[in-house]
Amino acid sequence: MSGRSTRRRVAFAVALLFACVGLRTAWAQFNMSGPDGYDPFTYSKRPARWKAPPVPKPFAEDASNRYYTLTDFKPNSKNLKKVTMNCDQRGLPIIVDGKPARFALCYLSRGDLENFAEFWVAARFKTFDCTLMVPRNCTQKIWYYVYGDDKKLLQGDDLGPDRQTAHITLNVEGVRQLVIKTSGNLKTENLRIVWADPILTEARDDE
């Protein structure tokens, strides 16, 4: 009887262990799908629970640096209207200061709502260069911002009828989450906004 009783106790303990593991897995899945749970396309300040998307390949490199375009990165989150990459909303090339842009993120403004795109750049880059552009028929002021990990790196309000382009060069060392953002008023609804040649530079470390 004692042997049979021991086997029963062992079987019960094993069954209880499997039940606990199953409950723990189910609870983890429930938590991951909740509002604060794991979402591969949403930035989280808890990197242990965040699966970062892969960084795309560089489009060019030299002896010192590798160069990437932000248009190759998949946005983690965005609020943009009619987004196009490397062309305007009609499919035509983007011209900046009389020259065609190699890469460009183009969208139509949502008026008085924020227009933003958020990218995971994995703290790999040292600089971010870009030319922000609005068309010549822009009659209202456009505000523009760049954020790195929720810290405002840049704010400008000099785009509008008197100035159609603004060149941006920023230090983004250590930045994991890069956000580009513009806003205007109701009269800027459907205004074409372009982030032209948005280039991230990475220092080579394989010498």
So which atom in [X] and which in [Y] form the shortest heavy-atom distance, rounded to 0.1 Å?
| X | Y | value |
| --- | --- | --- |
| A196 | V96 | CB-CG2, 3.6 Å |
| R192 | V194 | NE-CG2, 4.1 Å |
| T71 | P198 | CG2-CG, 4.1 Å |
| A104 | I94 | CB-CG1, 3.8 Å |
| S183 | N115 | CA-ND2, 4.4 Å |
| C106 | C87 | CB-O, 3.5 Å |

inquiry  = Salt bridge check, D97 against K99: does any charged N sit closer than 4.0 Å to a carboxylate O?
reply    =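 Result for this pair is no, no salt bridge flagged.
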Residues forming a side chain to side chain contact (heavy atoms under 4.5 Å, CB included) with N185, sequence neighbours excluded =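 For N185 the side chain to side chain contact (heavy atoms under 4.5 Å, CB included) partners, ignoring immediate neighbours, are Q140, K187, T188.
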Check whether the side chains of [X] and [Y] place a donor and an acceptor atom closer than 3.5 Å, and report yes or no.
| X | Y | result |
| --- | --- | --- |
| T165 | T131 | no |
| D157 | Y144 | no |
| Y107 | T182 | yes |
| K81 | N190 | yes |

Enclosure of K78 NZ (heavy-atom neighbours >12, cutoff 6.0 Å) =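 Count not over threshold, so no.
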ask   = What residue pairs, at least two apart or across chains, pass salt bridge (charged side-chain N to carboxylate O under 4.0 Å, His left out) with a residue in residues 120-131?
value =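 The answer is R124-E202.
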Return yes if some donor-acceptor pair links the side-chain N/O of [X] with the main-chain N/O of [Y] below 3.5 Å, else return no.
| X | Y | value |
| --- | --- | --- |
| D197 | F103 | yes |
| E61 | R66 | no |
| D72 | P56 | no |

Taking the side chain as every heavy atom from C-beta outward, state whether [X] and [Y] have any pair of such atoms under 4.5 Å apart.
| X | Y | value |
| --- | --- | --- |
| L191 | P135 | yes |
| R176 | V121 | no |
| L80 | R110 | no |
| E114 | Y145 | no |
| D158 | I142 | no |
| L70 | L200 | yes |
| K181 | K152 | no |

Interatomic spacing from [atom1] in [X] to [atom2] in [Y] - rounded to 0.5 Å:
| X | Y | atom1 | atom2 | value |
| --- | --- | --- | --- | --- |
| R204 | N65 | CZ | CG | 9.0 Å |
| N137 | Q164 | CG | CD | 9.0 Å |
| I193 | L132 | CD1 | CG | 7.0 Å |

With clusters defined by side-chain heavy atoms of hydrophobic residues (ILVMFWY) lying less than 4.5 Å apart, directly or transitively, does [Y] cluster with [X]?
| X | Y | answer |
| --- | --- | --- |
| V55 | L178 | yes |
| V134 | I168 | yes |
| V83 | W195 | yes |
| L105 | V146 | yes |
| F128 | I199 | no |

CA sep, side-chain torsions, deciding dist, call: S109, E189, side chain to side chain contact (heavy atoms under 4.5 Å, CB included) = CA-CA 5 Å; S109 173; E189 181 74 18; 5.8 Å; no
key: Worked verdict on Y68 versus F59 for ring pair (Phe, Tyr, Trp, His ring centres under 6.0 Å)   = CA-CA 6 Å; Y68 301 72; F59 70 85; 7.9 Å; no
ask   = Pick from L170, T169, I180: which one makes a side chain to side chain contact (heavy atoms under 4.5 Å, CB included) with L154?
value =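 Per the side chain to side chain contact (heavy atoms under 4.5 Å, CB included) rule, the option paired with L154 is L170, out of L170, T169, I180.
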request  = Please state whether the rings of F119 and F73 are parallel, tilted or perpendicular, taking 30° and 60° as the class boundaries.
outcome  =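 Aromatic pair F119/F73 classed perpendicular.
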